[in-house]
Amino acid sequence: MNQEEIKNESKKQTNFIRDIIDEDLKNGKHTKIHTRFPPEPNGYLHIGHAKSICLNFGLAIDYNGFCNLRFDDTNPTKEEQEYVDSIKEDIKWLGFDWQDREYYASDYFDQLYEYAIKLIKKGKAYVDSLTADQIRETRGTPTEAGKESPYRNRSVEENLELFDKMRNGEFKEGDYVLRAKIDMASPNLNMRDPVMYRILHKSHHRTGNKWCIYPMYDWAHGQSDSIERITHSLCTLEFENHRPLYDWFVQELEIYPPRQIEFARLNLSYTIMSKRKLLSLVEGKLVDGWDDPRMPTISGLRRRGYTPESIRNFSERVGMAKRENTIDVSLLEFSVREDLNLKAKRVMAVMNPLKVVITNYPDDQTEDLEAVNNPEDLSMGTRTLPFSKEIYIDRDDFREVPPPKFHRLSPGKEVRLRYAYIIRCDAIIKDNSGEVIELRCTYFADTKSGSGTSSKKAKGTIHWVSAKHVFQAEVRLYDRLFSVEDPEGEEGKDFTEFLNPNSLEILNNCKLEPSLKSALSGEKFQFERIGYFCVDTKYSKENSPVFNRIVTLRDSWAKIEQAGK
RNA sequence: UGUCCCGUGGUGUAACUGGUUAACACGUCUGACUCUGGAUCAGAAGAGUCUAGGUUCGAGUCCUAGCGGGACAGCCA
């Protein structure tokens with residue numbers, strides 16, 4: 001997928017950010033736009049980041065501008081190379097290309113240091129000797145002004161000297177910080193002399209031991225955007241209150257002013273989006289790593305079987321605005337189904353097998369039946385399906401006592417076997433405990449699919465697999481990770497209390513059609529009448545694929561049955 | 001009782017920038033079709049735009065006040 005294809009793929013919906021860009025282009029403020037995606041490499045990207053990635057890269061593509069990838073790596077205590085690698089992989093997989101514009105906030109540490117000196121010389125920054133606790137205590141509260149630090153009015157010379165010593169490693173962590181000198185009485189807490197640099201005797205994943213003072217995000221971010229000549233700095237709502245600070249820095253430094261525009265982050269029902277909480281699921285082994293197919297991470301969705309196209313379409317559909325929102329997961333699910341419906345090869349697979357013996361079918365006969373690979377796209381061709389006297393059907397497709405409107409198999413009733421014949425259930429065989437273990441049926445030879453030799457109709461069609469040609473495999477049925485819509489919403493309760501105990505069901509006795517033997521890692525299928533599945537990239541072995549359920553098919557019978565209860 | 005932001009069907013986003021009976025998508029519900037109870041097609045229900053005033057010939061769009069929700073008191077980002 002190249003960037004041009006992405007540009008053409010969807011009817012981009014208008015939104016307030018596009019309105020601003022259109023205006024800036026129209027009135028000549030800019031002739032080209034430049035955005036950036038600025039992740040912190042302290043965790044894996046999730047679907048919420050996907051929204052931001054699609055926004056920033058999508059805008060650049062649409063307006064023939066540029067989008068940088070910039071890692072905000074200002075805190076060496078949390079950041080790791082593993083995360084930068086995963087982030088790059090995920091963005092690429094989503095279909096976006098930052099070309100040679102891979103930047104790091106740490107690339108600007110020298111420049112930032114010079115900027116800091118400039119502010120000190122202007123009397124707009126000072127070295128403070130207060131402890132972290134003292135700084136907190138003197139910051140004030142939202143309703144009362146803070147107090148000025150007793151060290152606030154050190155001379156420029158003294159500040160320069162102390163700052164130099166900070167940089168040279170002459171002090172312990174916490175002894176000194178560099179603060180902007182703004183206004184301790186500002187109604188905006190961010191303007192109450194924010195910390196610009198702190199001492200951290202930590203090695204950085206890129207700069208090694210070169211620095212022992214590290215810039216705070218608020219001090220680094222705006223200037224990084226400025227250095228990169230970002231025209232539109234798009235970020236989430238929580239940075240709205242920080243904008244006056246970023247503008248202040250840029251103005252005092254007299255450097256290029258990017259325009260920051262805030263938008264509402266994505267929230268998804270039945271999902272958590274907090275990186276910290278996702279990390280705790282991983283570290284607590286509550287899930288199978290960052291790429292567990294139930295995780296809302298991009299790597300999890302990828303392993304689950306989601307396609308980049310479906311995620312891009314989803315990101316477009318959720319819209320862009322400033323109000324808080326919670327998108328229904330069903331929209332995400334709709335997006336994959338929509339994509340896979342057109343692309344996924346249909347196959348037959350039995351999840352919970354029930355043996356059926358067709359009593360009037362010749363013992364040793366095997367027929368090769370032709371099956372369409374995708375009725376939505378005939379160019380995907382056909383394949384051969386072996387049929388014989390003994391087959392498996394899904395237990396769900398048989399009821400000894402059929403409820404009303406049940407169109408499947410039950411004693412004395414008939415159903416069509418997909419691509420094969422209509423059969424009638426004559427007898428049931430049970431084991432000692434009374435469980436049905438086998439069905440005896442007769443088939444109607446003149447009802448073969450496509451033959452047109454019979455006018456016999458069956459109300460339902462079910463899938464099946466020939467017993468002696470079966471290919472046995474493990475199938476993992478994934479469901480939503482949480483059983484409540486808003487796992488973080490409940491006051492005083494930990495989100496892990498709402499983990500869905502049935503979010504993973506492993507089926508070891510699934511009977512699949514033989515063509516699946518050659519399924520490739522990551523390949524996606526529609527198991528007819530059941531759902532979309534993909535070959536797990538982690539647990540599959542040569543000739544022994546493990547299938548993940550991506551999403552079920554829409555199931556109107558389930559609704560009827562549900563309504564009847 | 002500070003500053004900033006937000007308030008349109010169940011959910012999300014629109015509304016030519018002040019101009020018909022507020023549109024689209026998901027979801028829901030009908031019906032048609034069907035060898036996937038899938039897909040598809042046709043249709044329906046569901047908001048009078050948080051409230052109250054005001055400006056205007058005309059307000060979801062502008063103004064004022066109120067109400068409701070959110071963000072901010074890390075040497076995190």
Side-chain angles (χ1 to χ4, degrees), chain A residues 11 13-15 19 38-40 42 72-75 77-79 128 130-133 135-137 139-146 173-179 186-192 194-200 214 216-218 220-221 235-244 262 264 269 275-276 316-328 330-335 337-338 341-342 346 348 372 374-376 405-408 415-420 422 447 449-450 457-463 526-531 552-561:
Chain A
K11 20 50 199 132
Q13 235 185 3
T14 173
N15 61 50
D19 289 346
E40 183 193 10
N42 70 340
D72 261 321
D73 54 352
T74 54
N75 186 350
T77 64
K78 290 185 175 179
E79 294 146 8
D128 200 350
L130 255 26
T131 65
D133 284 343
I135 288 178
R136 187 178 334 109
E137 284 157 16
R139 183 156 20 233
T141 69
T143 52
E144 36 182 333
E173 289 187 13
D175 283 355
Y176 294 91
V177 291
L178 183 73
R179 288 231 255 174
S186 171
N188 182 341
L189 287 289
N190 296 118
M191 303 299 270
R192 319 240 266 227
V195 171
M196 294 164 61
Y197 276 98
R198 76 289 216 187
I199 298 169
L200 250 25
Y214 290 94
M216 297 290 291
Y217 173 87
D218 274 352
H221 192 77
C235 65
T236 46
L237 257 24
E238 67 266 33
F239 295 105
E240 218 154 16
N241 291 334
H242 297 239
R243 179 160 25 95
E262 307 85 8
S269 62
K275 264 202 228 176
R276 205 198 85 240
E316 194 62 41
R317 262 188 270 255
V318 298
M320 192 58 63
K322 296 195 75 161
R323 63 188 96 111
E324 305 277 342
N325 61 80
T326 302
I327 278 50
D328 202 315
S330 65
L331 186 63
L332 217 212
E333 295 172 347
F334 167 83
S335 299
R337 286 196 194 101
E338 179 191 46
N341 178 41
L342 301 174
R346 271 61 170 172
M348 300 234 267
V372 173
N374 188 341
E376 304 290 325
K405 295 184 186 167
F406 187 76
H407 294 164
R408 283 112 95 146
V415 270
R416 157 141 252 134
L417 295 175
R418 172 132 246 234
Y419 295 120
I422 292 178
T447 59
S449 288
K457 291 269 184 207
K459 267 214 169 143
T461 300
I462 64 174
H463 57 276
Q526 184 196 98
F527 289 1
E528 292 216 30
R529 302 207 311 131
I530 302 175
T552 61
L553 249 27
R554 285 186 59 205
D555 186 352
S556 39
W557 165 245
K559 277 181 197 167
I560 294 169
E561 203 179 26

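Every heavy atom of this structure was used, including side-chain atoms; hydrogens, water molecules and symmetry mates were not.
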Please determine whether side chain to side chain contact (heavy atoms under 4.5 Å, CB included) holds for the pair Leu237(A) and Lys322(A), giving the CA-CA distance in whole Å, both sets of side-chain angles, and the decisive distance to 0.1 Å. CA-CA 7 Å; Leu237(A) 257 24; Lys322(A) 296 195 75 161; 4.0 Å; yes
Please confirm whether the shortest side-chain N or O distance from [X] to OP1 or OP2 of [N] is below 4.0 Å.
X         : N      : value
Arg198(A) : C76(B) : yes
Arg323(A) : U8(B)  : yes
Arg416(A) : U36(B) : no
Arg317(A) : U13(B) : no
Thr74(A)  : A77(B) : yes
Arg136(A) : C75(B) : no
Lys559(A) : U28(B) : yes

Is there a donor-acceptor pair closer than 3.5 Å between any side-chain N or O of [X] and the backbone N or O of [Y]?
X         : Y         : result
Arg337(A) : Thr552(A) : yes
Glu338(A) : Phe334(A) : no
Arg192(A) : Arg139(A) : yes
Asn15(A)  : Ala321(A) : no
Thr447(A) : Ile422(A) : yes
Glu316(A) : Gln13(A)  : yes

What's the closest nucleotide to the side chain of [X] if the choices are [options]?
X         : options                : result
Glu79(A)  : G12(B), U36(B), A77(B) : A77(B)
Thr461(A) : U36(B), U3(B), C72(B)  : U36(B)
Asp72(A)  : U36(B), U13(B), A77(B) : A77(B)
Lys78(A)  : U3(B), C76(B), A25(B)  : C76(B)
Met216(A) : G37(B), A77(B), U17(B) : A77(B)

Between [M] and [N], how far apart are the [atom1] atoms? Round to whole Å, please.
N      : M      : atom1 : answer
G74(B) : G68(B) : C1'   : 30 Å
G60(B) : A15(B) : P     : 15 Å
C63(B) : A77(B) : P     : 37 Å

Could one point to a donor on the side chain of [X] or the base of [N] with an acceptor on the other under 3.5 Å away?
X         : N      : answer
Asn241(A) : A71(B) : yes
Glu240(A) : G70(B) : no
Arg408(A) : G37(B) : yes
Gln526(A) : U36(B) : yes

Can you tell me which stems involve RNA chain B, if a stem is defined as three or more consecutive Watson-Crick or G-U wobble pairs, both distances under 3.5 Å?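 Ordered by first number, the stems with RNA chain B (at least 3 consecutive pairs each) read B:2-7 with B:67-72, B:10-13 with B:23-26, B:28-32 with B:40-44, B:50-54 with B:62-66.
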Would you call Lys78(A) and Glu40(A) a salt bridge, taking side-chain N to carboxylate O under 4.0 Å as the test?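 Not counted as a salt bridge, because no side-chain N and carboxylate O are separated by less than 4.0 Å.
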Using a 4.0 Å heavy-atom cut-off across all strands, classify [X] as base, sugar-phosphate, or nothing.
X         : result
Ile135(A) : base
Asn15(A)  : sugar-phosphate
Tyr419(A) : base
Gly146(A) : nothing
Ser186(A) : nothing
Gly460(A) : nothing
Phe406(A) : base
Arg418(A) : base
Arg346(A) : base
Ser556(A) : sugar-phosphate
Val318(A) : sugar-phosphate
Pro38(A)  : nothing
Tyr214(A) : nothing
Glu40(A)  : sugar-phosphate

Between [N] atom [atom2] and [X] atom [atom1], what is the distance in whole Å?
X         : N      : atom1 : atom2 : answer
Glu316(A) : C26(B) : CD    : C1'   : 15 Å
Glu333(A) : U11(B) : CD    : C1'   : 14 Å
Phe239(A) : U3(B)  : CZ    : P     : 23 Å
Asp555(A) : G38(B) : CG    : P     : 8 Å
Lys457(A) : G37(B) : NZ    : P     : 14 Å
Lys322(A) : A14(B) : NZ    : C1'   : 18 Å
Arg554(A) : G38(B) : CZ    : C1'   : 9 Å
Glu262(A) : A71(B) : CD    : C1'   : 11 Å

Distance alone, cut at 3.5 Å: any donor-acceptor contact between the side chains of Asn188(A) and Ser186(A)?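 Note: Asn188(A) and Ser186(A) side chains miss the donor-acceptor criterion.
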From His242(A) NE2 over to Leu189(A) CG, what is the distance, rounded to the nearest 0.5 angstrom?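 Taking NE2 in His242(A) and CG in Leu189(A), the distance rounds to 9.5 Å.
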Would you call His221(A) stacked on A77(B), i.e. ring centres under 5.5 Å apart with the planes less than 30° off parallel?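 No, the aromatic ring of His221(A) does not stack with the base.
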Might you work through the side chain to side chain contact (heavy atoms under 4.5 Å, CB included) test for Leu200(A) and Asn75(A), ending with a clear yes or no? CA-CA 9 Å; Leu200(A) 250 25; Asn75(A) 186 350; 4.2 Å; yes
Chi class for [N]: syn within 90° of 0, otherwise anti:
N      : value
G48(B) : syn
G60(B) : anti
U17(B) : syn

Start at the 5' end of RNA chain B and walk down; is the nucleotide closest to Asn374(A) or to Leu200(A) reached first?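 Going by which nucleotide is closer to the 5' end, it is Asn374(A).
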Given RNA chain B, 5'-ward residue of the pair Leu553(A) and Ala132(A), judged by closest heavy atom: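 Counting from the 5' end, the first nearest nucleotide belongs to Leu553(A).
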Quick check: closest heavy atoms across Met196(A) and Arg179(A), and the distance to 0.1 Å?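 Looking at all heavy atoms of both residues, the shortest contact is SD-C, 3.8 Å.
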